[in-house]
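Okay, structure first, notes after.
Note that ligands are numbered from 1 as they come in the structure, with each ligand's atoms numbered from 1 the same way.
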Amino acid sequence: MHDVLPEQTPLWQYAEKIIQEVLGAYGYSEIRLPVLEKTELFKRSIGEVTDIVEKEMYTFDDRNGDSLTLRPEGTAGCLRACLEHGLLHNQVHRLWYYGPMYRHERPQKGRYRQFIQLGVETYGMSGPDIDAELILIMDRLWKRLGIRDKVKLQLNSLGTIHERNIYRDCLVSYFQQHLDQLDEDSLRRLQSNPLRILDTKNPAMQAVVANAPELKDFLGTDSAEHFKAITTILDNLGISYELNSRLVRGLDYYSKTVFEWVTDELGSQGTVCAGGRYDSLIEQLGGKANHAVGFAMGIERLLALVETLDNLQLPKPVDVYLIRVGESAQQEGLRLAEMIRDQVPGLRLQVCADGGSFKSQFKKADKIGADYAVILGDDEVSRGVVGIKSLRIQQEQQTLTPSQAVTFLQDYLRSR
Ligand code: ATP
Ligand code: MG
């Protein structure tokens, strides 16, 4: 679990702002959810025989003896909240949430025990438009962050649960004929979750997986048409994708559409964003049969990609640094700083609070990365003026009245 230190937070805030703008552009509303839920919720939704439930959850009994779990993902909690508050009956059917998720995994680059996800969920819409809309949102986000050419979309359809069960039987008998080529993990999954074998990262198993029967040959007309309609929309809007019939996702609740955005710039943790349709989950959690499709994005992996850009310009914490020297400048400086904050909202103004000579305060101004120093000495106070000096370009210090200084800083803020 990581601390995000002050030098890293500008990158986070930059991405978070863009994420909010992009979701806003599609009319999605934010929902804020607790990080703890009843363990039962995750077992019922994610599935007992998934990596998450089998070995990754942080679960404990609270003082009442109730079993609680730190959320390993957000879909279940979001749906729990919507059912609890009757949200599925009114108009708010496009939601997003953002926050920490917890999984007890082996930590490595791009894989942490607390990580941040953006989750986007939509309810009540069965048509292919909404599946495509989610993909458009992600595509727009990559473009806004400048990483569009670093990620690729992979698409598949898992069909309905019924279609998948027929496929599953067929897959199990195929693998049973090739038991000698399966690793220990896959042998275990053969009964519990055979589709997950297709997801193996073991190079020795690539051949046996490549020759396995393909799910796409088992889709019924409705599933096949739904999938075709999504690809038609993407074709029309110029969004490229790869069909990947081995894409099965780790969670049990998906049906029909599944997708992942992958990159080859982050080593083995290359999936930045993943999601799909999970029409059966609402009923499974006690709601009326309904439709749902969503995705989750790992923000640490997203930021790791953004950080590979060489032209990234992130804001520094301070624009202007106020230097005060002498007895009368102390009080006057605070008054001036508050006046500037009133008049120039958005400007980040820091007052030097630990004194020192002009020289040492200038050094601090430079170190914190401010563009300008505003200078107040006894002389300026007695004349009713302030000094302003650029810390970035060679320029004489200017002497301005307070209201000229405000205009100067307003212009600076506009041009920044
Ligand atoms: P993976 O195959 O990498 O384990 P997953 O299928 O378990 O991923 P999801 O549950 O679909 O992942 O989560 C969606 C996204 O959240 C992932 O694509 C990834 O970007 C991010 N993510 C998942 N687990 C972690 C983790 N332990 N640390 C950081 N990011 C994670
Ligand atoms: Mg995982």
Side-chain angles (χ1 to χ4, degrees), residues 1-4 8 12 15 19 35 37 41-43 45-47 49-58 69-79 96-121 134-135 137-138 141-142 145 147 150-156 158 185 189 193 195-202 244 246-255 257-278 281 292-307:
M1 300 193 188
H2 287 269
D3 301 308
V4 179
Q8 280 290 318
W12 285 79
I19 287 170
V35 296
E37 297 277 356
L41 176 72
F42 299 116
K43 287 195 175 164
S45 58
I46 299 170
V49 283
T50 51
D51 283 355
I52 293 182
V53 173
E54 274 184 340
K55 48 188 188 198
E56 295 175 358
M57 296 205 303
Y58 282 92
T69 293
L70 279 168
R71 61 180 185 190
E73 54 99 59
T75 300
C78 186
L79 201 45
W96 64 273
Y97 48 83
Y98 181 92
M101 306 294 161
Y102 301 85
R103 297 185 194 177
H104 194 274
E105 305 201 65
R106 191 169 68 78
Q108 51 198 291
K109 184 171 175 271
R111 189 174 295 287
Y112 311 107
R113 290 182 171 177
Q114 174 183 280
F115 57 98
I116 308 293
Q117 267 186 353
L118 164 70
V120 177
E121 316 283 0
L134 293 177
I135 291 170
I137 291 177
M138 294 174 259
L141 185 63
W142 313 136
L145 290 168
I147 53 170
K150 295 178 187 287
V151 285
K152 281 202 212 96
L153 172 61
Q154 304 212 327
L155 266 187
N156 193 21
L158 296 181
D185 243 6
R189 283 179 173 149
N193 198 349
L195 267 69
R196 280 292 272 168
I197 300 176
L198 300 175
D199 216 19
T200 178
K201 306 219 159 75
N202 183 352
N244 177 358
R246 312 268 166 236
L247 184 66
V248 293
R249 311 281 309 113
L251 291 75
D252 265 2
Y253 49 56
Y254 288 106
S255 57
T257 327
V258 287
F259 51 80
E260 286 190 355
W261 291 86
V262 294
T263 178
D264 45 25
E265 299 199 25
L266 296 180
S268 52
Q269 313 319 324
T271 307
V272 182
C273 179
R277 185 167 273 282
Y278 53 98
L281 186 61
V293 46
F295 69 81
M297 183 178 298
I299 304 299
E300 285 82 0
R301 294 185 196 176
L302 176 76
L303 297 185
L305 262 188
V306 173
E307 268 185 315

message: If the cut-off is 4.0 Å to any non-hydrogen atom of Gly298, which atoms of ligand 1 fall inside it?
response: 15 (C), 16 (O), 20 (O), 21 (C)
message: Regarding ligand 1, does Val272 bring an N or O atom to under 3.5 Å of one of the ligand's N or O atoms?
response: yes
Smallest separation among heavy atoms of Ile46 and Pro72, with atom names: CD1-CG, 3.9 Å
field: Gln117, portion touching ligand 1 at heavy-atom distance under 4.0 Å
entry: side chain
message: If the contact criterion is a heavy-atom separation under 4.0 Å, does Arg301 count as touching ligand 1?
response: yes
query: Hey, is Glu105 touching ligand 1 through its side chain, its backbone, both or neither, going by heavy atoms under 4.0 Å?
result: side chain
field: Any side-chain heavy-atom pair of Val293 and Thr257 under 4.5 Å
entry: no
- prompt: Knowing that exactly one of Glu300, Glu105, Arg106 qualifies, which makes a side-chain contact (heavy atoms from CB on, under 4.5 Å) with Arg111?
  reply: Glu105
- request: Output all residues satisfying side chain to side chain contact (heavy atoms under 4.5 Å, CB included) with His104, sequence neighbours left out; order by chain, then residue number.
  value: Tyr58, Arg113
field: Minimum heavy-atom distance between Val35 and Tyr102, given as atom pair plus value
entry: CB-CE1, 4.2 Å
- request: Examine Tyr112 against ligand 1 and note whether any of their N/O atoms are separated by less than 3.5 Å.
  value: yes
- prompt: Mind checking whether Met138 and Leu153 have side chains closer than 4.5 Å, heavy atoms only?
  reply: no
field: Backbone or side-chain N or O of Arg103 under 3.5 Å from ligand 1 N or O
entry: yes
Closest contact, heavy atoms only, Cys273 versus Met297: SG-CE, 3.8 Å
statement: Under 4.0 Å from one or more heavy atoms of Thr271, ligand 1 contributes atoms 17 (C), 18 (O), 19 (C), 20 (O)
field: Distance filter under 4.0 Å to Ala296 heavy atoms, resulting ligand 1 atoms
entry: 14 (C), 15 (C)
- line: For Gly110, the atoms of ligand 1 under 4.0 Å from one of its heavy atoms are 28 (N), 29 (C), 30 (N)
